[in-house]
*Asks:* 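Mind having a look at this structure? Questions to follow.
Keep in mind that this is a model prediction, so the values were computed, not measured. Both counts, for ligands and for their atoms, begin at 1 and track the order of listing. In what follows, residues are counted from 1 in the order of the sequence shown.
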Amino acid sequence: DRIGQAAGRPAPRVVEADIRDRTAIHDLMERSQFDAVMHFAGLKSVSDSVSRPAEYFDVNVGGLVTVIQAMKSNGVRKLVFSSSATVYDLGAGQGAIREDAPFGPNNPYGQSKLMAEQVLQAQEAAAPDWSVGILRYFNPAGAHPSGLIGECPADPPDNLLPYIAQVAAGQRQYLGIFGDDWDTPDGTGVRDYVHITDLARGHLASLDALERDGHGHVVNLGTGRGLSVQDVRRAYEHACGREIPFRILPRRPGDVASCYCDTQRARDVLGFEARQDVDAICASSWKWVRHLYPEVSPS
Ligand code: UD1
C-alpha cells in the first residue's frame, strides 16, 4: 500500500512465497505475463552467513536457480540481479574499485553472491536471447523521501545507517565504532553510501539498457565517493538535530579500511550517476525513523 501511496499509483500486486518454492514461483510466472524480472530476494548478513552457510547458498544461489527455471519455462529472458561489492577482494586496499578488479569474497554471503553471478553468466552464455544486468551495490542507505518506506531490522542491525538511526531514535544508547586506527583520514572505516532512490534509478536504467543493447552488463552502483563512519555520524546529527554518542570498539572481523567504487562503467553503460548525497540519505532515514517510532518527538 505504501509503495502505491509513495508512487501515486495503485498499489502493486503482492504474492507472498518463498523464493525456493519452485511451484509457487513457476505458477506466478505462468499466471502473469512478465517482460522482465528484478530479483532482490536474498540474505545479506556476513556474520549470519558464517554461522549458517547452507541457508545462504540455498536462498541466494538455489533461489536464483528457481527463478531462472521459472523464467525459462515461461519465456521471460531479461533479469536484473542484486549483487554486491562483497564479491571483490576488498582486502587488497586498492582505490576506487572497477568491475574488472579481482574477486575474493571472504565469507559465505559473498561467496554465494559470486556464485549467483556465475550461474547467471553461464545461463547467458548458454542462451543468447537472455540478457542479465548484474548490479554490484556498494552501501545502500537511506529511505524513501516520503518517509513511508524504509528498513526495519528485527535484530540488532549489522549495518551502520540503521544502527545510527536507532541511536538517534533513543532505542540504543550509543553507536559502537569498529576501530579508529584504520588507514583512512580519520581512522574510521570508509564506505560508498548510495541512496536507495539512486539505486532504484540504477535498476530502471539497467532494464532500459537490457532492452536497448540486447545483451547483459555487470555494473557497480555507488557514488564513487568514500565517507568515514564519523562523516556519516556527523551528517546524521545534522539531520536529526540530536547528538549521536559513540564509543570506539575493537575492529569487526572481516572489515576493511576503505571501499568505494569506480563509476565510469555505470555512466558509460547505464548513463547512471548518483544524485543524492549523505545529507539526503540521513534526512530520509530520519523521516522514516520518526514514522517507525511515533513516540520519537520531532526535532
Ligand atoms: C556489510 C558487509 C557487506 C554486505 C553489506 C550489506 C561486512 C564486512 N561487509 O558491508 O558484505 O554486502 O554489509 O549491506 O560485514 N560500522 C560501525 N559500527 C556499526 C556498524 C558499522 O562502526 O555498528 C562501520 C563498519 O566497520 C564499516 C562501516 O561502518 O566501516 C559500514 O559498515 P556496514 O554498514 O556494516 O557495511 P559494510 O561493512 O561495508
Side-chain angles (χ1 to χ4, degrees), residues 40-51 53 56 59-60 81-93 97 101 103-117 134-143 150-153 155-169 171-196 199 220-223 225-236 244-261 278 281-282 285:
F40 301 98
L43 299 175
K44 74 159 180 83
S45 159
V46 171
S47 54
D48 188 31
S49 80
V50 172
S51 17
Y56 275 69
V59 172
N60 292 356
F81 178 70
S82 308
S83 189
S84 166
T86 193
V87 299
Y88 296 117
D89 178 5
L90 297 173
I97 301 169
F103 295 131
N106 63 359
N107 56 74
Y109 160 65
Q111 288 152 1
S112 73
K113 283 290 178 188
L114 182 55
M115 216 176 270
E117 287 197 7
I134 293 176
L135 304 180
R136 294 185 183 144
Y137 305 173
F138 277 65
N139 291 62
E151 62 185 318
C152 181
D155 301 318
D158 276 341
N159 296 122
L160 181 62
L161 252 295
Y163 207 100
I164 293 183
Q166 292 189 356
V167 177
Q171 307 292 308
R172 293 182 189 280
Q173 285 187 324
Y174 61 90
L175 166 72
I177 296 183
F178 300 136
D180 65 351
D181 55 354
W182 296 97
D183 183 15
T184 60
D186 66 15
T188 65
V190 165
R191 298 289 185 275
D192 186 337
Y193 297 92
V194 54
H195 197 299
I196 54 153
L199 214 55
N220 288 337
L221 286 185
T223 65
R225 286 182 299 277
L227 294 174
S228 74
V229 175
Q230 289 288 27
D231 291 333
V232 178
R233 189 188 65 81
R234 279 190 294 266
Y236 213 102
I244 311 283
F246 67 95
R247 286 188 200 165
I248 304 300
L249 302 180
R251 291 182 177 192
R252 180 173 65 175
D255 261 355
V256 294
S258 171
C259 171
Y260 58 98
C261 78
V278 68
I281 287 175
C282 296
S285 162

*Asks:* List the atom of Pro245, the atom of Val167, and the distance in Å for their closest heavy-atom pair.
*Replies:*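 For Pro245 and Val167, the tightest heavy-atom pair comes out as CD-CG1, 3.9 Å.
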*Asks:* Pairs of nitrogen or oxygen atoms closer than 3.5 Å, one from Gly176 and one from ligand 1: do any exist?
*Replies:*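 In this structure, Gly176 places an N or O atom under 3.5 Å from an N or O of ligand 1.
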*Asks:* Considering only heavy atoms of Val46, which atoms of ligand 1 have at least one such atom less than 4.0 Å away?
*Replies:*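 Counting from 1, the qualifying ligand atoms are 2 (C), 7 (C), 9 (N), 11 (O), 15 (O).
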*Asks:* Test of understanding: given a 4.0 Å heavy-atom threshold, classify the contact between Arg251 and ligand 1 as side chain, backbone, both, or neither.
*Replies:*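 Within the 4.0 Å criterion, Arg251 makes no contact with ligand 1.
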*Asks:* Under 4.0 Å from a heavy atom of Tyr109: give me the atoms of ligand 1 that qualify, with their elements.
*Replies:*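 Going through ligand 1 atom by atom, the ones under 4.0 Å from Tyr109 are 4 (C), 11 (O), 12 (O).
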*Asks:* Below 4.0 Å from any atom of ligand 1, is there a heavy atom belonging to Gly110?
*Replies:*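 The answer is no, since Gly110 has no heavy atom less than 4.0 Å from ligand 1.
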*Asks:* Distance under 4.0 Å to a non-hydrogen atom of Ser84: what atoms of ligand 1 satisfy this?
*Replies:*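 Heavy-atom distances to Ser84 below 4.0 Å select 12 (O).
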*Asks:* Please identify which atoms of ligand 1 are closer than 4.0 Å to at least one heavy atom of Asn139.
*Replies:*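 Those atoms are 36 (O), 37 (P), 39 (O).
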*Asks:* Between Arg172 and Tyr163, is there a donor-acceptor pair closer than 3.5 Å when you use the side chain of the first and the backbone of the second?
*Replies:*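 No, because the side chain of Arg172 does not come within donor-acceptor range (under 3.5 Å) of the backbone of Tyr163.
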*Asks:* At what distance is the nearest protein heavy atom to atom 26 (O) of ligand 1, and which residue and atom is it?
*Replies:*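 For atom 26 (O) of ligand 1, the nearest protein heavy atom comes out as Asp255 OD2, 2.5 Å.
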*Asks:* Spell out, as yes or no, whether a donor-acceptor pair under 3.5 Å connects the side chain of Arg136 to the backbone of Gly222.
*Replies:*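 Flag not set: sc Arg136 to bb Gly222 has no pair under 3.5 Å.
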*Asks:* Look at the side chain of Lys113 and the backbone N and O of Lys44, then say whether any donor-acceptor pair between them is shorter than 3.5 Å.
*Replies:*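 No, because the side chain of Lys113 does not come within donor-acceptor range (under 3.5 Å) of the backbone of Lys44.
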*Asks:* Can you tell me which residue and heavy atom of the protein come closest to atom 35 (O) of ligand 1, and the distance to 0.1 Å?
*Replies:*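 The answer is Arg252 NH2, 2.9 Å.
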*Asks:* Is there a donor-acceptor pair closer than 3.5 Å between any side-chain N or O of Tyr56 and the backbone N or O of Val46?
*Replies:*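 Side chain of Tyr56 to backbone of Val46: no pair is present.
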*Asks:* I want to know if ligand 1 touches Thr86 in the polar sense, i.e. an N/O pair below 3.5 angstrom.
*Replies:*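 In this structure, Thr86 places an N or O atom under 3.5 Å from an N or O of ligand 1.
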*Asks:* Tell me whether Phe178 has any N or O atom under 3.5 angstrom from an N or O of ligand 1.
*Replies:*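 By distance alone, the answer is yes.
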*Asks:* Would you say Asn60's side chain and Leu43's backbone share a donor-acceptor pair under 3.5 angstrom?
*Replies:*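 Flag set: sc Asn60 to bb Leu43 pair under 3.5 Å.
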*Asks:* How far apart are the closest heavy atoms of Cys259 and Leu90, and which atoms are they?
*Replies:*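 Scanning both residues, the minimum pair turns out to be SG-CD2, 3.7 Å.
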*Asks:* If you measure from each non-hydrogen atom of Tyr193 to ligand 1, which part falls under 4.0 Å: side chain, backbone, both or neither?
*Replies:*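 Just the side chain.
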*Asks:* Quick check: closest heavy atoms across Pro108 and Ser49, and the distance to 0.1 Å?
*Replies:*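 Of all heavy-atom pairs spanning Pro108 and Ser49, the closest is CG-O, 3.2 Å.
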*Asks:* Counting heavy atoms only, which of Val229, Val87, Asp192 is nearest atom 24 (C) of ligand 1?
*Replies:*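 It is Val229 that holds the nearest heavy atom.
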*Asks:* Using a 4.0 Å heavy-atom cut-off, which part of Leu160 comes near ligand 1: side chain, backbone, both, or neither?
*Replies:*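 Answer for Leu160: both.
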*Asks:* Could you go step by step and tell me if Tyr193 and Asp231 meet the side-chain hydrogen bond (donor to acceptor under 3.5 Å, both in side chains) rule?
*Replies:* CA-CA 11 Å; Tyr193 297 92; Asp231 291 333; over 6 Å; no
*Asks:* Indicate the atoms forming the closest heavy-atom contact of Val87 with Pro105, along with that distance.
*Replies:*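 Shortest heavy-atom separation between Val87 and Pro105 comes out as O-CD, 3.4 Å.
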*Asks:* Please write down residue, atom name and distance for the protein heavy atom closest to atom 39 (O) of ligand 1.
*Replies:*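 Here the closest protein heavy atom is Arg191 NE, 2.6 Å.
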*Asks:* Tell me, which protein residue and heavy-atom name are nearest atom 5 (C) of ligand 1, and how many Å apart are they?
*Replies:*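 Residue, atom and distance for the closest contact: Asn159 ND2, 4.0 Å.
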*Asks:* Look only at the side chain of Asn107 and the backbone of Tyr109, and say whether a donor-acceptor pair between them is shorter than 3.5 Å.
*Replies:*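 Pair found, side chain donor or acceptor close to backbone of Tyr109.
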*Asks:* Backbone, side chain, both or neither: what part of Leu249 comes under 4.0 angstrom of ligand 1, heavy atoms only?
*Replies:*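 Neither; no heavy atom under 4.0 Å.
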